[in-house]
Amino acid sequence: ALVLCYFLETNSKQCNLVDKNVIEIGAGTGLVSIVASLLGAYVTATDLPELLENLQHNILQNTKQKCKHQPCVKELSWGIDLEKNFPRSSCHFDYLMAADVVYHHPFLDELLLTFDHLCKDDTVILWAMKFRLEKENQFVDRFQTLFDLEMISNFPSLNIALYKAMRKGRMKA
């Protein structure tokens, strides 16, 4: 999350979030959502139901009366009720942000479904990933069947990479 936040703050001209619709999946403590909100975005911070109370508290403590648009917190269990909770016809996100959502857990298929469902042709994915096991590499390979992927920062000593992605054929040179 710190890598992604640093990128957003230091690249605010090339990645202007003012009045953009942003969704963060797997928001955890909400750090990325907080920074995106402070940079002027309309933010939807999402995570599992049991994490929402803490997420809501952190976001309110750090954004109330400090940002242009108050972020909202919403439940999102990857792959479950996506069309019901985030209808394709009415949900459009300029940016989908994710920090450290890929790790050894049984929900990688659902995570890929969620990326696919939430992204329109013009949605930009900003994704910070810590590599721990071979499963992360396999997920990146599967991810690239749907999305073009560009590494925009690399921190080898931390095993962290920051990626920008868009639907296949939509990434501008």
Side-chain angles (χ1 to χ4, degrees), residues 1-9 12 15-130 136 139 142-143 146-147 149 162-167 170:
L2 293 173
V3 167
L4 184 48
C5 290
Y6 178 79
F7 173 82
L8 293 174
E9 286 188 290
S12 61
C15 184
N16 184 354
L17 297 182
V18 175
D19 298 331
K20 301 290 193 227
N21 287 317
V22 172
I23 186 166
E24 182 186 7
I25 62 172
T29 61
L31 181 60
V32 172
S33 291
I34 291 165
V35 170
S37 295
L38 294 172
L39 292 171
Y42 293 96
V43 174
T44 302
T46 68
D47 215 315
L48 296 169
E50 60 270 21
L51 302 175
L52 295 183
E53 188 176 332
N54 186 53
L55 176 58
Q56 180 71 49
H57 174 78
N58 288 343
I59 286 178
L60 274 175
Q61 285 294 110
N62 291 284
T63 63
K64 195 172 184 178
Q65 298 179 358
K66 296 177 189 164
C67 56
K68 186 173 183 182
H69 312 288
Q70 189 59 44
C72 83
V73 172
K74 232 179 144 174
E75 177 183 334
L76 174 60
S77 297
W78 299 336
I80 299 173
D81 293 330
L82 293 173
E83 185 58 32
K84 177 183 164 202
N85 296 325
F86 298 91
R88 284 184 195 253
S89 61
S90 61
C91 285
H92 178 274
F93 299 103
D94 300 298
Y95 290 92
L96 184 154
M97 298 187 187
D100 203 25
V101 293
V102 178
Y103 48 88
H104 185 69
H105 60 68
F107 302 107
L108 294 179
D109 291 338
E110 292 81 358
L111 175 59
L112 190 57
L113 273 171
T114 302
F115 272 116
D116 186 44
H117 181 83
L118 295 173
C119 289
K120 303 277 193 212
D121 283 348
D122 61 344
T123 302
V124 174
I125 298 169
L126 294 174
W127 170 27
M129 183 163 144
K130 181 170 179 74
E136 286 93 2
F139 182 83
R142 290 184 50 222
F143 182 87
L146 298 173
F147 301 96
L149 190 63
L162 179 59
Y163 295 105
K164 175 182 176 183
M166 290 185 82
R167 286 211 175 275
R170 303 300 296 185

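No experiment lies behind these values; they were computed from the predicted model shown.
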Grab the two heavy atoms, one from Leu126 and one from Cys15, that are nearest each other, plus how far apart they are. CD1-SG, 3.8 Å
Counting C-beta onward and ignoring hydrogens, is there a side-chain heavy-atom pair between Leu76 and Leu82 closer than 4.5 Å? yes
Decide yes or no for Cys91 and Leu118: does some side-chain heavy atom of the first lie under 4.5 Å from some side-chain heavy atom of the second? no
Distance-minimising heavy-atom pair for Leu38 and Asn62: CD2-O, 4.0 Å
Interatomic distance, SG@Cys119 vs CD1@Ile125, rounded to 0.5 Å, equals 3.5 Å
Return the set of residues passing salt bridge (charged side-chain N to carboxylate O under 4.0 Å, His left out) with Lys74 (not counting sequence neighbours), or none when no residue passes. none
Evaluate the ring planes of Trp127 and Phe139, with Trp represented by its six-membered ring, and classify them as parallel (under 30°), tilted (30 to 60°) or perpendicular (over 60°). perpendicular
Output all residues satisfying ring-ring contact (aromatic ring centres under 6.0 Å, His included) with Phe93, sequence neighbours left out; order by chain, then residue number. none
Atom pair NE2/CG of His117 and Leu96 - distance to nearest 0.5 Å: 11.5 Å
With sequence neighbours excluded, tell me which residues meet ring-ring contact (aromatic ring centres under 6.0 Å, His included) with Phe86. none
Can Ile25 and Leu111 be said to form a side chain to side chain contact (heavy atoms under 4.5 Å, CB included), step by step? CA-CA 9 Å; Ile25 62 172; Leu111 175 59; 3.7 Å; yes
Nearest 0.5 Å, please: how far is CD1 in Ile59 from CG in Leu31? 10.0 Å
Which residues pass the side-chain hydrogen bond (donor to acceptor under 3.5 Å, both in side chains) test with Gln70, sequence neighbours left out? Thr63
Can we say Asp116 and Arg167 salt-bridge, meaning some charged N sits less than 4.0 Å from an Asp/Glu carboxylate O? yes
Between atom CG of Leu4 and atom OH of Tyr163, what is the distance when rounded to the nearest 0.5 Å? 13.5 Å
So do Thr123 and Arg170 actually touch side chain to side chain, heavy atoms under 4.5 Å? no
Residue pairs involving residues 18-33 (criterion side-chain hydrogen bond (donor to acceptor under 3.5 Å, both in side chains); sequence neighbours excluded): Asp19-Lys68, Asp19-His69, Glu24-Ser33
Report yes if some heavy atom in the side chain of Val32 is under 4.5 Å from a heavy atom in the side chain of Val35; otherwise report no. no
So the side-chain hydrogen bond (donor to acceptor under 3.5 Å, both in side chains) pairs with at least one residue in residues 41-61 (sequence neighbours excluded) are none
What's the spacing between Ser77 OG and Glu110 CD if we round to 0.5 Å? 10.5 Å
Can you find a heavy atom in the side chain of Glu75 that is under 4.5 Å from one in the side chain of Asn85? no
Should we count CG of Leu48 as having more than 12 external heavy atoms under 6.0 Å? yes
Gap separating the NE2 atom of His92 from the CG atom of Asp122, nearest 0.5 angstrom: 3.5 Å
